[in-house]
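By convention in this document, chain letters (A, B, ...) are assigned in the order of the sequence lines, proteins followed by strands, and residues within each chain are numbered from 1. In what follows, every heavy atom counts, from backbone to side chain, and hydrogens, waters and symmetry copies are set aside.
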Amino acid sequence: MSVRVRFAPSPTGYLHVGGLRTALYNYFFARKHNGSLVLRIEDTDRTRYVEGAVENLIRTLTWAGIEFDEGPHIGGPHAPYFQSQRLDIYKKHAELLVEKGWAYYAFDSPEELEEARQKSPHHEFKYDRNKMKNQFTIGWGKSLELISQGVPYVIRLKVPDNEEIRFYDIIRGEIIVNSKDVDDQVLLKSDGYPTYHLANVVDDHLMEITHIIRGEEWLPSVPKHILLYKAFGWEVPKLAHLPLLLNKDKTKLSKRQGDVAVEDYIAKGYFRDAFVNFIALLGWNPSADREIYSIDELIQKFELEKVNKSGAIFDVVKLEAINSKYLYSKPIEELAKEFKIWVEKRGYSGYSEDYLRQVVGLLRERVKKLPDIIDFAPYMFERPKQFDLEYFNKHWNPSTKEHLKNILNLFLSTDDFTHTKLHDLVVEYLNSKSLKLKDVVHPLRLAITGLSYGAGIFETLEVLGKKEVVERLEYFIDKVLPELSKES
RNA sequence: GGCCCUAUCGACUAAUGGUUAGGUCACCACUCUUUCAAGGUGGUAGUACGGGUUCGAAUCCCGUUAGGGUCACCA
């Protein structure tokens, strides 16, 4: 039987990075085994539905390079892929369970349940089917009567009193839970919608899912699902519960402690392949002394059996390190094209791709993300408005102004504005004065960029071009210098 | 609190009974240098604890401790 896996998010707004990793592992697993990947939307909670969330989810998944074989956006043999469009299926199955004696009707109001919950300390409340209002306490006939009168009801799973439930998880091994610790879960809500547990089990079976790969937070509800499969007489798919992605304090990754939406990272300028690379290696790795992998390599090397058991802290520093490696190794033309979009987004226009290519080439190894270049070297896009006073004080002496003027004249005298030529001209001049390169390089950098750091100054001059450099130097000497001298 | 899961450098992880416990990020030092980076070289740092099993344990078993998840008519 061929592998069929699914990614089944609920449309509550955006794709969580943990969700992305789950989707990625499902995708890797499906591709590696020439199987199918299904996208199913678990929108059974009407109160949490967010407009546009599904489109957003699909857009982000697509950005990450994940391709589905079936789903709401492409259809497939098991459509519809929205659970909200499969209500009759769940209802039919819930009623089948009542018929078989595996489930029962209950009529407790939310208020009554809340009251019962309040009475028990901590979280010790468990639905007592012998005391609450249901078909066992009020009788079968009375129950049918209430239902026919339109009284709201739910269908609950009738969990055995004291029975060992065993299941095997590919990542965690055998797990045993006693049914006495399992609550009589609601399967069908009073609004006619199924709960996650029912819908999930029914759909995974109907859609012929062979492996369930999902987050560890689902592990505690597996016993309920096992009971459901047994009640229906269905085979349980293979299970794999992934370790959680954690905050720095080791709690489940949450919005409070940083960005959890994939789109936040897209907006910050991380590369798709770098981000996927990073996320994929949280909880699993191919056991080699390297960490840069293409998506194809990740697919080839992926093994569910090698996924870790313990949670992984999401560390942005590591993400930045990986991203910067991609930044350093990607083709410069590709970067220039992408960089243009970022530059324009910042309101700078009119730069040729050739100019941007040179800027990227000069600065990419100094930053972590492509758009960071703009903040790191704003002087490539506009003339400096501020000048680092500390830097000025550190490198200025009474004769520096004279040297700068002379260097300006040297620049004016040449039409060969390459960094090697500029370097040679300056060195020649310095030799005649018995000075060192560092005596003038810093003042020059300050005049041109306003900053104490950046790419090699002669390379920077070359990229900026003669006209721009000359104008900046003249402006600095005439206008800025008097002001700085006053302040220092 | 009940139930369940987990435990290797600060972080991500490798080592599936035999290694001086390895790599990457971060950090530190040195080097290169025209600033900032990048690069190069080197370094600090880990098997939570206690018992077993075994000739031999990070690895298997038990316990302790710690952390996490979960206990809805949410998913």
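Nucleotide B/rC12 holds its P atom 12 Å from the CG atom of A/Asn247, rounded to whole Å. Atom CG in A/Asp315 sits about 15 Å away from atom P in B/rC9, given to the nearest Å. Between the CG atom of A/Leu242 and the P atom of B/rC5 there is a distance of 17 Å, given to the nearest Å. Summarising the geometry, the separation between CG on A/Leu281 and C1' on B/rA11 is reported as 13 Å, rounded to the nearest angstrom. The CD1-P distance, from A/Ile279 to B/rU13, rounds to 11 Å in whole Å. When the P atom of B/rC12 is taken as reference, atom CZ of A/Arg21 falls 12 Å away, rounded to whole Å. Atom CG of A/Asn277 and atom C1' of B/rC12 are 12 Å apart (whole Å). Across the protein-nucleic acid pair, A/Glu291 atom CD and B/rA14 atom P stand 13 Å apart, rounded to whole Å.
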> Where along nucleotides 58-75 of chain B does protein come under 4.0 Å, by heavy atom, of base (B) or sugar-phosphate alone (S), with - for untouched nucleotides?
Replying inline: ---------SSBSBSBBB
>> Treating primed atoms plus P, OP1 and OP2 as sugar-phosphate and everything else as base, which nucleotides of nucleotides 27-48 of chain B get B, S or - for protein heavy atoms under 4.0 Å?
In response: -------BBBBS----------
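Shown here, B/rA58 forms no base pair; nothing in the strands shown gives a Watson-Crick or G-U wobble contact with both key distances under 3.5 Å. In this entry B/rA7 has B/rU65 as its Watson-Crick or G-U wobble partner, both defining distances falling under 3.5 Å. Under the Watson-Crick and G-U wobble criteria, each requiring two contacts below 3.5 Å, nucleotide B/rG1 is paired to B/rC71. For B/rU41, the paired nucleotide is B/rA29, the pair qualifying as Watson-Crick or G-U wobble because both relevant distances are below 3.5 Å. Across all strands shown, B/rU53 forms no Watson-Crick or G-U wobble pair with both distances under 3.5 Å.
B/rC60 sits 12 Å from B/rG18 when the P atoms are compared, rounded to a whole Å. A distance of about 28 Å separates the P atoms of B/rG51 and B/rA15, rounded to the whole Å. To the nearest whole angstrom, the two P atoms, one in B/rA58 and one in B/rG52, are 15 Å apart. B/rC32 and B/rA21 have their C1' atoms separated by 33 Å, given to the nearest Å. Distance check on atom P: B/rC5 versus B/rG10 gives 27 Å, rounded to whole Å. Rounded to whole Å, the separation between the C1' atoms of B/rC25 and B/rU20 comes to 24 Å. Comparing the same atom, C1', in B/rC30 and in B/rU16 gives a spacing of 39 Å after rounding to whole Å. One C1' atom belongs to B/rA11, the other to B/rA45, and the distance between them is 12 Å to the nearest Å.
Judged by a 6.0 Å distance limit and a 45° cone about the ring axis, A/Lys330 is positioned over the six-membered ring of A/Phe271. A cation-pi contact, defined as under 6.0 Å to the ring centre and within 45° of the axis, links A/Lys268 to A/Tyr265.
Ring centroids of A/Tyr391 and A/Tyr453 are separated by 6.0 Å or more, keeping the two rings apart.
With A/Lys189 contributing its side chain and A/Thr44 its backbone, the two residues share a donor-acceptor pair below 3.5 Å. Judged by distance alone, with hydrogens and angles left aside, the side-chain atoms of A/Asn134 form a donor-acceptor pair with the main-chain N or O of A/Phe136 at under 3.5 Å.
At least one side-chain nitrogen or oxygen of A/Asn285 sits closer than 4.0 Å to the OP1 or OP2 atom of B/rA14. Taking 4.0 angstrom as the limit, A/Asn308 places a side-chain polar atom (N or O) nearer than this to OP1 or OP2 of B/rA14.
A/Lys180 comes within 4.0 angstrom of nothing in the nucleic acid, heavy atoms only. Residue A/Lys309 is classed as a sugar-phosphate contact, given heavy-atom separations below 4.0 Å to backbone atoms only. Counting any heavy atom pair closer than 4.0 Å across all strands shown, A/Gly283 reaches sugar-phosphate atoms only and no base atom.
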> Are A/Arg472 and A/Glu468 close enough, and set up right, to give a salt bridge (charged side-chain N to carboxylate O under 4.0 Å, His left out), and what steps lead you there?
Replying inline: CA-CA 6 Å; A/Arg472 286 193 191 190; A/Glu468 183 67 21; 2.7 Å; yes
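Among residue pairs with one or both ends in residues 152-171 of chain A, those qualifying as ring pair (Phe, Tyr, Trp, His ring centres under 6.0 Å) are A/Tyr105-A/Tyr153; sequence neighbours excluded. Sequence neighbours left out, the pairs with a member in residues 157-174 of chain A that pass salt bridge (charged side-chain N to carboxylate O under 4.0 Å, His left out) are A/Arg129-A/Asp161, A/Glu163-A/Lys230, A/Glu164-A/Arg166, A/Arg166-A/Glu174, A/Arg172-A/Glu216. Among pairs with a residue in residues 360-371 of chain A, those fulfilling salt bridge (charged side-chain N to carboxylate O under 4.0 Å, His left out) read A/Lys369-A/Asp372, at least two apart in sequence or across chains. Every pair passing salt bridge (charged side-chain N to carboxylate O under 4.0 Å, His left out) that includes a residue from residues 80-93 of chain A is listed here, sequence neighbours excluded: A/Arg86-A/Asp203, A/Lys91-A/Glu95.
Remark on RNA chain B: of its neighbouring residues A/Ile175 and A/Trp284, the 5'-side contact belongs to A/Ile175, judged by nearest-heavy-atom nucleotide.
A/Tyr229 and A/His205 are not linked by any side-chain donor-acceptor pair at a separation below 3.5 angstrom, with hydrogens and angles left out of the test.
Minimum atom distance to the side chain of A/Ala312 is reached by B/rU13, of the listed B/rU13, B/rC3, B/rA11.
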